[in-house]
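Accompanying notes for the structure given below.
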There are 2 protein chains.
Amino acid sequence: MGMDELDLRILQLLQKNARLSYREIARELNVAVGTVYNRIKKMEENGVIRGFCVAIDYEKVGFGLTAVIGIKAKGREIMRIEREIAKNPRVMQVYDVTGEYDIIAIAKFRDRADMNRFVKWLLSLEGVEKTNTSVVMDIAKEDFTISLEALSEK
Amino acid sequence: MGMDELDLRILQLLQKNARLSYREIARELNVAVGTVYNRIKKMEENGVIRGFCVAIDYEKVGFGLTAVIGIKAKGREIMRIEREIAKNPRVMQVYDVTGEYDIIAIAKFRDRADMNRFVKWLLSLEGVEKTNTSVVMDIAKEDFTISLEALSEK
DNA sequence: GCTGAAAGATTGGATGG
DNA sequence: CCATCCAATCTTTCAGC
């Protein structure tokens with residue numbers, strides 16, 4: 001993607017705080033404002049930067065229960081089921097996977113009753129054969145950051 | 001947390017684009033700029049907003065392989081193992097879970113060799129008994145957004 | 001491709017309703 | 001909690017290197 005060290009360092013700063021001004025980034029990295037501006041625009045254009053999001057504390061907004069749910073489904077239906085699940089407002093991630101299950105979904109709930117309702121809903125979807133729920137007791141890490149360390153490996 | 005409809009609508013806009021100016025948000029929601037400013041500051045202060053991040057297309061930066069890994073570990077060691085795993089630069093999520101496994105981790109890799117190295121590393125950690133890797137073939141959804149719809153339910 | 005300056009837009013924070 | 005205000009700061013563009 002033709003990214004150099006400067007792009008990576010800009011990304012790293014934005015990962016920590018996406019509302020940093022171009023000026024602050026420029027100051028931090030000792031380059032001109034225009035350079036930072038151009039680099040970020042370029043990464044937005046070529047899709048390396050998909051967007052800027054806000055990290056919400058879901059516990060504080062009443063969705064303190066997280067679950068990782070494995071789903072077995074009938075072959076031809078899988079894509080449709082995935083799309084359906086992805087549209088559910090409680091669902092954050094939906095992966096089509098190899099292995100024990102066909103789909104793995106991660107979702108947040110208000111409480112156990114809320115979660116049970118969701119699992120029942122899953123089982124009611126045409127093509128879903130069985131589900132396996134792992135309830136999250138503690139979150140050691142939860143974000144979408146890869147450290148610069150990994151990205152800059154040769 | 002004393003959040004009202006306006007807070008939720010501000011959050012929703014920020015979820016789509018965290019670099020929106022206060023002014024743009026105010027215009028969109030038909031409220032005063034100062035109000036938007038005050039609301040966002042308050043949500044940052046009380047921790048509802050944990051931060052602002054950039055969403056990177058990991059495929060475009062060379063980390064196109066995602067895996068969901070279940071880990072079984074010996075009881076007393078689990079917390080230490082989780083912290084260790086969370087520090088690995090390829091790891092995005094580490095959950096302490098009930099169910100078939102003790103820990104579920106989600107990580108991104110350059111390729112299969114990179115992933116295999118990681119799994120070997122996991123197995124080399126003191127206390128890790130076995131792992132089960134589900135390789136992600138397709139991502140139907142992957143972010144940390146809950147829709148306003150869920151948040152505003154009574 | 002980078003820099004720095006400049007015009008216009010935005011922000012932080014305070015004030016008063 | 002909301003609106004208005006303004007000096008300080010920022011975005012975005014662009015000429016010059």
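Hydrogens, waters and symmetry mates play no part in the numbers below; they use all other heavy atoms, side chains included. By convention in this document, chain letters (A, B, ...) are assigned in the order of the sequence lines, proteins followed by strands, and residues within each chain are numbered from 1. Remember, predicted model here, so these are calculated numbers, not experimental data.
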Start with the C-alpha distance between A:K108 and A:E142, add both sets of side-chain angles, then the distance that settles salt bridge (Lys or Arg N to Asp or Glu O under 4.0 Å), and finish with yes or no.
CA-CA 13 Å; A:K108 302 245 178 219; A:E142 186 178 60; 3.1 Å; yes
Any residue of residues 19-45 of chain A with a heavy atom less than 4.0 Å from an atom of DNA chain C
A:R23, A:V31, A:A32, A:G34, A:T35, A:R39
Show the atom names and distances, to 0.1 Å, of all donor-acceptor pairs under 3.5 Å that link a side chain in residues 5-12 of chain A to residues at least two apart or in another chain.
| unit_1 | atom_1 | unit_2 | atom_2 | d |
| --- | --- | --- | --- | --- |
| A:D7 | OD1 | A:R39 | NH1 | 3.1 |
| A:D7 | OD2 | A:D4 | N | 3.2 |
| A:D7 | OD2 | A:R39 | NH1 | 3.2 |

Using salt bridge (Lys or Arg N to Asp or Glu O under 4.0 Å), reason through B:D114 and B:R90 one step at a time and then give a plain yes or no.
CA-CA 10 Å; B:D114 191 29; B:R90 283 163 169 68; 2.9 Å; yes
Between CG on residue B:L20 and CZ on residue B:F52, distance to nearest 0.5 Å:
10.5 Å
Is the NZ or CZ atom of A:R19 both under 6.0 Å from the centre of the six-membered ring of B:Y22 and within 45° of that ring's axis?
yes
